[in-house]
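Proteins get letters first, then strands, A, B, ... in listed order; numbering begins at 1 in each.
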Amino acid sequence: MATPPRELTQNPLKKIWMPCKNGLPEKHISQRKVCMTNCPTLIVTVGLPARGKTYISKKLTRYLNWIGVPTKEFNVGQYRRECVKIYKSFEFFRPDNEEGLKIRKHCAASALNDVRTYLSEGGQVAVFDATNTTRERRDTIMKFADLNGYKVFFVESVCDDPEVIASNIVQVKLGSPDYTDRNTDEAVEDFMKRIKCYENSYETLDEIKDRDLSYIKIMEVGSRYLVNRVLDHIQSRIVYYLMNIHIAPRSIYLCRHGESELNIKGRIGGDSGLSARGKLFAKFLGKFIQEQNIKDLKVWTSQMKRTIQTAEALGVPYEQWKALNEIDAGVCEEMMYEEIQDHYPLEFALRDQDKYRYRYPKGESYEDLVQRLEPVIMELERQENVLVICHQAVMRCLLAYFLDKTAEELPYLKCPLHTVLKLTPVAYGCKVESISLNVEAVNTHRDRPENVDVSRPPDEALLTVPAHQ
Amino acid sequence: MHFVSLNLGQSVSTHILRWVAGTRVNSGKSRVSGHSVCKYVEYVSAGDNRLGTDTTIRGNRIRYSACTSTGAGGPHLTNSPTVIVMVGLPARGKTYIAKKLTRYLNWTGVPTKVFNVGEYRREAVNYNSYDFFRPDNQDAMKIRKQCALAALRDVKSYLSEEGGQLAVFDATNTTRERRDMILSFGKENGFKMFFVESVCEDPSVVETNIMEVKVSCPDYKDCNRTDAMDDFLKRIECYRALYQPLEPDHYDKDLSFIKVIDVGRRFLVNRIQDYIQSKIVYYLMNMHVQPRTIYLCRHGESEHNLRGQLGGDSELSPRGKKFARALLGYLKEQNQKNLKVWTSQLKRTIQTAEALDMPYEQWKALNEIDAGVCEDMNYEEVKERYPEEFALRDQDKYHYRYPTGESYQDLVQRLEPVIMELERQENVVVVCHQAVMRCLLAYFLDKSADEMPYLKCPLHTVLKLTPVAYGCKVESIYLNVEAVNTHRDRPEDIKKGPSTLMRRNSVTPLASPEPTKKPRMNSLDDHMASTSSALPVRMASDIPTSLPDQVSSHFIHFLYFSVYSASPIPTHPFCLRLHVLIILSI
């Protein structure tokens, strides 16, 4: 006979219903977010040096972390540099350099060791970033994964275009600690020789021999892909992501709508129009965009009046995304912080305790927002130059993706009104320029107050509320 | 360049512009002025009712051009329509992929239609034997080419005149010559081309496919199964002699395509051009052909249901709890292996799942439609407090968005990841809500945007969906626990509202039973005419698929009502025909 159903209580922070016994939650409920693999995944890169493996690893790690899958990359090159403090020359990588081989094997082993530690301590995905060009090495890794119960997914990058390789060397390899004291020509020459050391023993993933492996082969910088045996949700997400990223130079401009009527009043959410200063910002933004003279600039807005009004002033076509709408503050929509403290002091304190996971009653959390923004990020990856006119919480989430910020930092990122952030991808990261358009606006940023206890007095809760009408 | 300077507030109150399936419909309804809680979609440039030349929807993104048509500066590349060209030997699942993809794209809001050259050929000639397909049969070759050209003509008018955004050209297209012809057709008309090739050399897969869909096809209606199989295998050989697969390294290296190898075990993807192609690739990579069953049901009856209130987050009623226990019994009987249970994050679905004694997953995406300011109200209260809103919703329930809430259209976008994951999974029970279940069901049964919000999904009834051939078999199981009725039909007086059935169905033109000429497709006008006369009470004529013959419509009608029959369908005398009609309907 079935046991009687358990009582449900709502987690006050995340507003999730959980079964409980004697007032205590009974078990962890799997809240469907992104990854529902029951065992951890080991992503293994494959490819000659300077094929963008590290670029892919870092980018993928950043994406997976952002969507809420704890992921870490393990770069064997780093282990080697720590082990052998001074890099002399390509000789180290020669296949007949026994000493070098031993060290490299040792480094790979200690990286795998760390992978195991990471995946047993809550990590869900580990990216093992090394050349892994021989079948022997890959077999070792698969045995390791098998032993520990991990799923393995290979990501091979194949590229024969000398220009792409050369530009990759110049962009990221010359800046590597291996070549700090070398001049450019020397370094390039040495690196080319280093690639040669791998070429002879390189065994690419084979359609027949490796037919039982799960892998994606990225060819010629993403103009072609071969995808084999995708096993689960997370692998399918990874494949989709890798098929959408590109490396063409471009800039992404992020900004908020111009100052709104509700901003002035210090009220959150709502759907008000722009203030006079907000309209002036919109005009200046139009000028700024013209001055920048950006090729094929796309403009995206939310479906809220204030972003659309801002975009309208630019005089260019734009697209509205519902996904870009501001965080839904539920019952707190259009309230001032003072009113929230007044009506819902408990909610207000809970939010300060864990702003990322806190869900407004009948509204959303930052965590929800990230899920909602995932398609936007995917499309941003596909696009080239884009201006996104959005909202404070939305901009924080987008910015956190590009700058690889943690869930703790994300809700406190500073995204003031009337300021454009220009993001340009460089090497493995992203350059940020902040451009204030010199139109005054109210401050809407509320820092975390020191006292986040539910029993705090109102004045301590309101300590960090920015000034308003 | 000229552009309109605007006052959004004003424009909102003058015009509502709706974009449905790429066809512009200006419903011209006045908004209530002084309406404090605005909905967000309908902000439109004032003074330009035509609203530019460059407005498209992509998912729930709406593109507005503030420029007038002269200033738009040429067509946007991303907006040009796409032809998806199937490639592969017969019985490689091309039609399956074509139909399924079309159903998915239509559901997400991209107007798509399949053009199956085989149907054109069947219309043109009576099939005798594989001789027709022999490479040396000159006369037949001519006819086949004519059929392909006729289909392409229809593709052209669908994409350039009828508001279609994607056309799936379903034929073997196994030779370079034929593909080059299609490519130049695309180039002439400014269509993007995307090839989908299905490669499979596993004889058992091919054989299964032939048994499942080919033997029962009209070509073999007077044939016994063995003869049909034999003939079909010879037909394949006719093509094999001339087959030139897509060649990624040289000849076809500049084409955009996906090669689906061995029923989705491996994929080769070349030169994805845009969003829609990337979406198609993702979808194809996630679907599988393993037999499985999906169970859809709502939570047990809730306290809010009893009081007739919308939304909210209330508890199960005593009858609702009884249903949850009955559901446990039913699922035990079904005894499906690896059954997964999904719920929303609302209390009533979780309480229902808790009774099942199984692990379950909560999805926020499965939460009920957000009724915004109308949450927790009953229909009378809504009508009293927001009469305009109430009327607007009745006029176009699919696109209507509750103030500060959602529309069915929003819901479909929110549910897209759920559908994608359902495609990946095998046996799943989805415990959800009325509006959510309607959206999911519409995907599986290929229902139009117009019908979706009126699909009947009563409480305490499980819909069991099993994929068969090109479609989906539905069984409805009432678990014998009484519950209130929460279905509100389309009011009678809304008969002639602005027709919103713009979303095209993926029905390929069916071979007409008589050899007389029949229009191959419904033109846009036909389509609109047939929908604007739709009756509030669901009648056979209201069924969306615009099947040409009455009989099929009648059977769909029957299927629709079978949702209420508690008796298991297999014992029903209509069983076999029912099976067939579902294939037709998808």
Inset, instruction - Go through the atoms of L346(B) and report whether side chain, backbone, both or neither lie under 4.5 Å from a heavy atom of chain A. - result: backbone
Legend entry - From CG (N325(A)) to CG (D271(A)), nearest 0.5 Å: 8.0 Å
Legend entry - T352(B) side-chain N/O to G300(B) backbone N/O, donor-acceptor pair under 3.5 Å: yes
Inset, instruction - Can you tell which part of N270(B) gets under 4.5 Å to a heavy atom of chain A, answering side chain, backbone, both or neither? - result: both
Inset, instruction - Look at the side chain of E406(B) and the backbone N and O of D370(B), then say whether any donor-acceptor pair between them is shorter than 3.5 Å. - result: yes
Legend entry - Under-4.0 Å salt bridge between R224(A) and D249(B): yes
Inset, instruction - Please look at V299(A) and chain B and tell me whether the side chain, the backbone, both or neither of the residue comes under 4.5 angstrom of a heavy atom of that chain. - result: neither
Legend entry - Engaged part of M378(A) at the chain B interface, taking heavy atoms whose separation is under 4.5 Å: neither
Legend entry - Residue L231(A) versus chain B: region with a heavy atom under 4.5 Å: backbone
Inset, instruction - Mind ranking Q10(A), R372(A), E207(A) by heavy-atom pairs under 4.5 Å with chain B and telling me who comes out on top? - result: E207(A)
Legend entry - Straight-line distance of I67(A) CD1 to E367(A) CD, nearest 0.5 Å: 12.0 Å
Inset, instruction - Just do the side-chain contact (heavy atoms from CB on, under 4.5 Å) check on W363(B) and C432(B) with the steps written out, would you? - result: CA-CA 10 Å; W363(B) 289 68; C432(B) 54; over 6 Å; no
Inset, instruction - Could you tell me which of K15(A), E374(A), R211(A) has the largest number of non-hydrogen atom pairs under 4.5 Å with chain B? - result: R211(A)
Inset, instruction - Answer with side chain, backbone, both or neither: which region of R382(A) has an atom nearer than 4.5 Å to a non-hydrogen atom of chain B? - result: side chain
Legend entry - Portion of P417(B) that has a non-hydrogen atom of chain A nearer than 4.5 angstrom: neither
Inset, instruction - Inspect the contact between E354(B) and R6(A) and indicate whether a charged nitrogen and a carboxylate oxygen are less than 4.0 angstrom apart. - result: yes
Inset, instruction - Heavy-atom distances under 4.5 Å only: say whether K217(A) touches chain B with side chain, backbone, both or neither. - result: neither
Legend entry - Salt-bridge present (D212(A), R265(B); N to O < 4.0 Å): yes
Legend entry - Under 4.5 Å from a heavy atom of chain B, the part of N228(A) involved: both
Legend entry - Residue Q273(B) versus chain A: region with a heavy atom under 4.5 Å: backbone
